[in-house]
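Please read all numbers here as calculations on a predicted model, not as lab measurements.
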Amino acid sequence: MCDVASRHATFYTETVTFLVENCLFKVRESQFEAESIVFRDMLQFLLPTGEGDEEGGKRDDNPVHLMGIKKNEFEQLLNVLLHRTYGKCQKVPSDIGIVQWTSILKLANIWRFDDIREVALDNLKCRMSLAEQVALGAAYNLNFESWSLPAIHELVRRQEPITFEEGQRMGLDITLKLAYVRERVICQTTDGFGRRRTHSEKRDFTRILRQTF
């Protein structure tokens, strides 16, 4: 009788099969457990509960169904997740655009991929306009001090007015608050004849922004 072979502690990888929009994805289980506290708990919950039961996600006919998730969004998340694991210096592909990074941010928020969330935010910040950054902060309830405030501050300090397109993107409530602050800035930086006393782009309006927003 042959001895039963043992599994290597490091180089024997368990996989999990997900079903997303009628498409099966088979990926390394350890990546999801290491990066996401939500998946770590979910995959532990799927362990067999008794003799004869089988763990979910181990076969194509018994996948883990990710309800309400779009296939292309999941593909973008996997693209970054796998590249971070195997890519040189954990760099991510440079050809991912705003739409793709927003999808990645959405899923990272849902499933608590905290490190990938920060990667997504870093990449979005360097690609987005100020108005887009403000809109994203409102949509995903991002930290006001670290994300939204710097962008709003720059919009207040700049000489150019808020455009119609920027207002549409940010929404009525944020645009009206910005207009209110900018009116106060104009009053503070001009004299009674409309002549500028100080350059608004050099002043700090953090206090009034915190009071208004």
Side-chain angles (χ1 to χ4, degrees), residues 35-38 69-70 72-73 76-77 79-81 83-84 89-213:
E35 296 263 11
S36 165
I37 187 172
V38 173
I69 304 300
K70 295 181 179 179
N72 65 319
E73 293 177 338
Q76 296 303 328
L77 177 69
N79 193 22
V80 173
L81 180 61
H83 203 91
R84 275 167 50 83
C89 299
Q90 294 190 333
K91 292 182 179 179
V92 296
S94 59
D95 59 346
I96 300 178
I98 290 176
V99 174
Q100 291 80 15
W101 277 117
T102 304
S103 294
I104 293 165
L105 174 64
K106 171 188 170 183
L107 297 188
N109 271 342
I110 293 173
W111 292 324
R112 291 287 307 277
F113 283 93
D114 294 338
D115 288 344
I116 290 180
R117 179 182 182 274
E118 294 307 311
V119 172
L121 288 175
D122 288 344
N123 280 274
L124 284 167
K125 192 163 192 174
C126 67
R127 288 169 169 81
M128 283 183 156
S129 67
L130 295 173
E132 288 172 329
Q133 291 177 39
V134 174
L136 187 78
Y140 288 92
N141 196 28
L142 301 179
N143 183 274
F144 179 77
E145 291 288 326
S146 62
W147 179 269
S148 300
L149 182 59
I152 293 173
H153 197 268
E154 288 304 310
L155 286 170
V156 170
R157 289 170 54 166
R158 79 180 191 188
Q159 295 301 307
E160 298 80 16
I162 304 299
T163 67
F164 178 74
E165 291 75 16
E166 288 175 327
Q168 279 190 316
R169 189 174 295 277
M170 292 184 293
L172 181 62
D173 182 66
I174 293 176
T175 303
L176 287 176
K177 288 178 179 178
L178 265 174
Y180 166 74
V181 174
R182 283 175 62 89
E183 285 295 318
R184 289 188 60 177
V185 168
I186 291 173
C187 292
Q188 292 176 8
T189 56
T190 58
D191 59 20
F193 300 98
R195 294 175 300 195
R196 197 184 334 177
R197 292 180 302 198
T198 59
H199 293 280
S200 59
E201 62 268 23
K202 296 180 181 179
R203 297 190 57 186
D204 187 346
F205 300 102
T206 300
R207 182 177 179 182
I208 185 175
L209 287 173
R210 286 177 176 147
Q211 292 171 347
T212 305
F213 286 86

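No side-chain heavy atom of Q100 sits under 4.5 Å from any side-chain heavy atom of N79. Contact annotation: the side chain of L121 approaches that of R117 to within less than 4.5 Å [non-hydrogen atoms, C-beta and beyond]. Inter-residue side-chain proximity for L149 and R210 is flagged as met; some heavy-atom pair is nearer than 4.5 Å. Side-chain contact between F113 and V80 is absent, with no heavy-atom pair separated by less than 4.5 Å. At least one side-chain heavy atom of R157 sits under 4.5 Å from a side-chain heavy atom of E154. Using a 4.5 Å cut-off on side-chain heavy atoms (C-beta onward), H153 and D204 make contact.
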Checklist entry - Which is it for L209 and V156 under the side chain to side chain contact (heavy atoms under 4.5 Å, CB included) test, yes or no, and what are the steps along the way? => result CA-CA 9 Å; L209 287 173; V156 170; 3.8 Å; yes
Checklist entry - Does the pair L178 and F213 meet the rule for a side chain to side chain contact (heavy atoms under 4.5 Å, CB included), with working shown? => result CA-CA 9 Å; L178 265 174; F213 286 86; 4.2 Å; yes
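The minimum heavy-atom distance between E132 and R127, with the atom names listed, is OE1-O, 4.4 Å. Contact between P161 and R182 at its shortest, heavy atoms only, is CA-NH2, 3.5 Å. Closest of all the heavy-atom pairs between S146 and P150 is O-CG, 3.8 Å. Residues I162 and G167 approach most closely at CG2-N, 4.2 Å, considering heavy atoms.
In this structure, CH2 in W101 is found 9.0 Å from CG in D122, a value given to the nearest 0.5 Å. A distance of 10.5 Å separates NZ in K70 from CG in L107, rounded to the nearest 0.5 Å. Here I152 contributes atom CD1 and W147 contributes atom CH2; the two are 12.0 Å apart, rounded to the nearest 0.5 Å. Rounded to the nearest 0.5 Å, atoms CG (D115) and CD (E35) are 5.5 Å apart. The CD1 atom of I116 sits 11.5 Å away from atom CG of N123, with the distance rounded to the nearest 0.5 Å. Taking CG of L105 as the reference point, atom CG of L77 lies at 11.0 Å (rounded to 0.5 Å).
Listed by chain and residue number, nothing satisfies the salt bridge (charged side-chain N to carboxylate O under 4.0 Å, His left out) test with E160 (two or more places apart in sequence, or in another chain). By the side-chain contact (heavy atoms from CB on, under 4.5 Å) test, A151 pairs with L130, Q133, V134, sequence neighbours left out. In terms of the salt bridge (charged side-chain N to carboxylate O under 4.0 Å, His left out) criterion, residue partners of K177 (sequence neighbours excluded) are, by chain and number, D173. The side chain to side chain donor-acceptor pair (under 3.5 Å) test applied to D114 returns R112, not counting sequence neighbours. Shown here are the side chain to side chain donor-acceptor pair (under 3.5 Å) partners of Q211, two or more places apart in sequence or in another chain: there are none. For T102, the side-chain contact (heavy atoms from CB on, under 4.5 Å) partners two or more places apart in sequence, or in a different chain, are I98, L124, M128, L136, Y140.
Side-chain atoms of S148 do not come within 3.5 Å of backbone N or O of G137 as any donor-acceptor pair. Listed for the Q76 side chain is no donor-acceptor partner under 3.5 Å among the backbone atoms of E73.
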